[in-house]
Number of protein chains: 2
Amino acid sequence: MRGKQATIWDIAVKLNISISTVSRALRNAADINPETKKAVLKLASELDYQPNAIASSLRNSKTNIIGIIVPEFIHAYFPKVILGVQDVANQSGYKLMISQSGESLEIEKANIHAMVSSRVDGLIMALSRETDTYDHILSVQKRGIPVVFFNRFADELTGSKVLVDDYKGAFEAVDYLIRTGCRRIAHLAGPEKLTMSGNRIKGYLDALKAHNIPVLEELIIPCDFMEGKARQATQHLLNMKERPDAIFVVNDPTAIEALICLKENNVRIPDEISLICFSNAPHSTFVDPPLSAIVQPLFKIGQTAARLLIGQVEQGKNFIPSTEKLETELVIRKSTRPLF
Amino acid sequence: MRGKQATIWDIAVKLNISISTVSRALRNAADINPETKKAVLKLASELDYQPNAIASSLRNSKTNIIGIIVPEFIHAYFPKVILGVQDVANQSGYKLMISQSGESLEIEKANIHAMVSSRVDGLIMALSRETDTYDHILSVQKRGIPVVFFNRFADELTGSKVLVDDYKGAFEAVDYLIRTGCRRIAHLAGPEKLTMSGNRIKGYLDALKAHNIPVLEELIIPCDFMEGKARQATQHLLNMKERPDAIFVVNDPTAIEALICLKENNVRIPDEISLICFSNAPHSTFVDPPLSAIVQPLFKIGQTAARLLIGQVEQGKNFIPSTEKLETELVIRKSTRPLF
DNA sequence: CTGAAAGCGCTAACAT
DNA sequence: ATGTTAGCGCTTTCAG
């Protein structure tokens with residue numbers, strides 16, 4: 001054995017056969033004597049041989065690695081999606097290289113370079129909140145590396161997308177609030193550059209319009225997913241002469257902040273103010289009161305993204321980008337009033 | 001350009017120089033004409049050249065990838081540690097390959113194989129709750145790949161470790177409970193195979209002994225980190241003729257389950273039963289009541305693990321395993337009684 | 001300061 | 001059914 005780790009060369013020498021025969025035996029190719037194969041497999045196991053993926057990647061120009069770039073994985077959202085990706089990826093023989101942009105465009109770019117250098121076969125990503133230029137992503141696509149976006153993307157970008165029906169979910173949530181008697185409904189919105197934010201705002205607006213409720217611009221506050229921003233925005237709402245009687249929140253961490261702020265101000269939920277959010281974090285269920293929410297199928301988002309991506313990777317460079325839109329579910333808990 | 005992606009060969013041909021010169025220019029080696037270097041760098045950038053990490057890994061027998069295997073990353077614990085790892089790793093030019101064992105020994109083994117195949121330079125890991133054989137890990141170490149453990153390890157294993165002072169943290173927590181007047185203190189413990197579980201139990205026991213409080217075996221219930229197990233155990237405690245007046249819980253997800261169970265049974269916290277846990281998840285702060293906890297320096301655990309590992313990777317195969325023990329902090333919130 | 005050439009471990013024609 | 005050989009893209013002696 002030359003280094004610490006056995007290679008097909010070691011096996012070949014000990015068995016007095018050629019390395020190509022060993023290679024064939026190991027990947028149970030067609031033309032191979034069962035006896036030879038058995039001997040190779042036996043010795044391989046004795047030597048604790050593990051194929052060198054680096055070498056075969058180089059040879060095959062294929063790494064079987066899928067890159068994932070997400071803004072963060074402190075909150076449960078992205079990890080749950082990644083779980084879904086892992087499910088499909090591992091079953092199809094792909095490994096995952098994961099990194100976080102920390103919501104920073106600079107780090108996102110650095111991550112992309114690392115992924116390209118590592119020659120990932122494809123990339124699944126959700127943009128950072130800062131991302132407003134797209135050269136780094138175009139560069140990946142120009143190399144023929146397929147990219148699948150989820151959750152956070154921008155209309156300027158082509159590429160496959162896995163989305164939830166943000167518009168419909170938002171509409172349903174606000175519609176529900178109205179049907180429980182709320183009339184002055186605020187919206188803590190997401191970063192303006194993200195398509196998702198716009199769609200949720202549109203759903204919010206249309207639900208109001210559908211019920212002939214006037215839109216008040218001052219009740220729509222973009223929150224940018226910055227820590228502390230939601231709290232500040234909520235406090236701002238509470239300081240108004242006329243307080244809102246409901247808040248529709250763009251996502252879960254933002255909603256938690258809003259909730260804490262409401263409680264600090266001794267606002268009774270949902271009697272004085274109802275709270276509902278786009279979400280799927282488990283905390284929603286064990287904060288007090290448990291949050292009503294538009295729940296997204298996170299695991300399935302991950303699975304779908306992985307399936308789309310692997311499909312594109314394997315069908316070669318002429319894939320057609322496609323978009324899959326998944327349904328959300330309105331789950332009513334205790335932070336909104338009952339219907340009757 | 002041969003394929004989609006530029007190589008040093010492409011640069012060499014266009015500049016009519018040799019690939020070795022290009023290579024030197026790109027890694028600003030010593031003996032290189034500044035003019036040549038400038039030309040190479042310029043063309044590289046024009047071609048959007050990204051070095052092929054696969055090729056250089058093969059050549060150098062070094063991937064600059066650190067593998068991380070954790071049981072899960074749904075709860076905030078492991079992601080926060082990974083953040084710390086990423087911090088140090090990226091600064092030192094390493095990439096991360098992350099996977100989850102899903103608390104399964106089988107998957108842990110598969111992950112290890114994948115990591116070995118990918119020729120990671122080192123491995124950072126926390127064992128799954130099922131792990132009770134260690135051949136797969138020994139096999140990694142036999143290859144000369146350094147392994148650093150954190151949070152979950154076993155005494156049978158050698159290798160570097162980053163720990164928190166489980167014994168001391170547990171002792172302090174239980175001591176605090178006693179000083180607030182609790183006498184019948186239960187413990188929802190971790191899986192028995194993990195060293196950590198044992199140390200926390202020992203801290204629990206010694207605190208009781210220090211105050212001359214008799215140990216009641218039936219109040220110590222191992223919870224194995226299985227979903228639902230903690231709830232069941234808590235219910236069991238509540239069904240006793242004489243209920244405990246405090247519960248010390250091995251970790252955060254377990255504590256959340258216990259909390260929910262207590263609330264379902266309309267137990268007043270902390271008046272009837274105090275609750276305290278080993279933790280660092282942010283939920284602790286926004287459940288109702290916020291949980292008192294022994295807080296661990298998660299980011300620092302990750303940084304320390306990465307630093308240890310990279311040190312070992314770079315100082316070659318003769319590294320000496322070492323153990324770093326970090327301090328915890330007792331944070332009193334609302335789930336325990338005040339001292340006076 | 002630059003070029004030629006070997007080789008990291010593996011796969012896949014192409015021979016035999 | 002097996003062996004020979006070239007080469008994936010890069011780094012690194014060794015020569016010049």
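As the structure is a computational prediction, the values presented were derived from the model and not from experiment. Each chain gets a letter, A, B and so on, in the order the sequences are listed, and its residues count up from 1.
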Side-chain H-bond candidate by donor/acceptor type, A:N151 with A:Y77, under 3.5 Å: yes

Residue B:A55, side-chain heavy atoms: nucleotide from D:dC10, D:dT2, C:dC10 that is nearest: D:dC10

Nearest-Å distance for atom pair CG/P, residues A:N33 and C:dT16: 22 Å

Value in whole Å for how far the P atom of C:dG7 lies from CG of A:L58: 17 Å

Proximal nucleotide (of D:dT2, C:dC1, D:dT12) relative to the B:S20 side chain: D:dT12

Candidate nucleotides D:dT13, D:dC10, C:dC1, ranked by approach to the side chain of B:Y49 - the nearest: D:dC10

Main-chain N/O of A:D135 paired to A:T133 side chain as donor or acceptor, under 3.5 Å: no

Nearest listed nucleotide, side chain of B:T21, among D:dT2, D:dT12, C:dT2: C:dT2

For atom CG of B:L47 and atom C1' of D:dG9, their distance in whole Å: 15 Å

Spacing between A:I19 atom CD1 and C:dC8 atom P, to the nearest angstrom: 11 Å

Toward the 5' end of DNA chain C, by each residue's nearest nucleotide, B:S18 or A:I54: B:S18

Whole-Å gap separating C1' (C:dG3) and CG (B:N16): 12 Å

Separation of atom CD1 in A:I32 from atom P in D:dG3, rounded to whole Å: 9 Å

Flag for B:Q86-A:S99: side-chain donor and acceptor within less than 3.5 Å: no

Rounded interatomic separation in angstrom, taking CG from B:D31 and P from D:dA15: 16 Å

